Amino acid sequence: MEIFTIAITAILINNIVLSKFLGICPFLGVSKKSSSALGMGLAVIFVIVTSSIVTFGIYHLILTPLEIQYMDLITFIVVIAALVQFVEMVMKKFLPSLYKALGIYLPLITTNCAVLGVALENIKYDYTFGQMLVYSISVPVGYLLVIMLFSAIREKLDSAPVPNAFKGNAIALIVAGLMALAFSGFAGLV
Amino acid sequence: MMEFAALWMVALVGIYLLVYLMNKRTPVPPGCENLDQSCGGCHLITCTRNPIHHEKEESHL
């Protein structure tokens with residue numbers, strides 16, 4: 001039951017974009033087309049899950065025994081940057097089709113603070129390995145859900161009669177705000 | 001504990017540099033050479049694939 005609560009909370013109630021306002025840059029930048037949004041969402045799922053496992057392991061197996069837990073922020077930043085480079089290299093060498101599909105989005109992941117946010121929250125909430133895994137899968141699934149909804153709305157907005165003053169980012173931010181209001185209705189669900 | 005922290009920091013930077021160089025030396029698979037050019041650009045100018053960086057390079061030349 002606790003696992004279910006963690007998942008629903010991360011996907012709907014405390015959505016990383018609409019509730020914690022993390023990962024806003026790629027959320028606004030790569031949501032003009034649904035196909036780009038899907039690619040970005042899948043790349044975020046892959047990187048957040050991988051980086052969470054690695055950072056969780058490093059914190060508990062290296063930083064805690066050496067009593068240098070205060071180095072968590074700087075460690076996680078460098079680890080995530082290195083991980084993205086490593087993932088890109090592995091994809092180039094062994095998974096060229098996946099590289100072709102996701103390669104364009106990988107550099108964007110390093111600027112996505114949702115990845116760092118999840119790594120830090122896993123430590124902050126004192127999760128066990130299982131809970132961390134569920135949380136690390138649920139958060140990017142929530143990100144994918146929101147970015148897909150947002151991109152679908154933005155595609156419709158392209159053909160909508162929007163006043164000149166609201167065209168572009170202005171209307172996109174208003175839509176994001178309305179989505180955040182709508183998602184706040186999930187509070188109290190579990 | 002400070003010496004552990006310093007050593008850890010050096011190790012981290014070393015690992016990053018190693019992975020960065022390995023990634024840079026790995027050849028791009030066939031058909032993916034022009035991924036940068038397929039990027040139409042978004043508002044994220046910190047991304048290295050954003051065409052704004054290529055425009056800057058060309059203007060310097």
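In what follows, chains carry the letters A, B, and so on, assigned in the order in which the sequence lines appear, proteins first and then strands, with residues in each chain numbered from 1. In this text the structure is predicted, and so the values were computed from the model without any measurement.
The main-chain N or O of A/Ile16 is never found under 3.5 Å from a side-chain atom of A/Ser19 such that the two would form a donor-acceptor pair.
For A/Leu83, no part sits under 4.5 Å from any heavy atom of chain B, backbone or side chain. Looking at B/Pro27, the atoms closer than 4.5 Å to chain A (heavy atoms on both sides) all sit in the backbone: N, CA, C or O. For A/Ser31, no part lies under 4.5 angstrom from a heavy atom of chain B. Contact of A/Ile58 with chain B is made through the side chain alone, with heavy-atom distances under 4.5 Å.
The aromatic ring centroids of A/Phe183 and A/Phe186 lie less than 6.0 Å from each other.
None of A/Ile24, A/Leu28, A/Ile147 except one satisfies the side chain to side chain contact (heavy atoms under 4.5 Å, CB included) rule with A/Val17; the exception is A/Ile24.
Residue pairs that meet the salt bridge (Lys or Arg N to Asp or Glu O under 4.0 Å) test with at least one member in residues 7-22 of chain A, sequence neighbours left out, are A/Lys20-A/Glu121.
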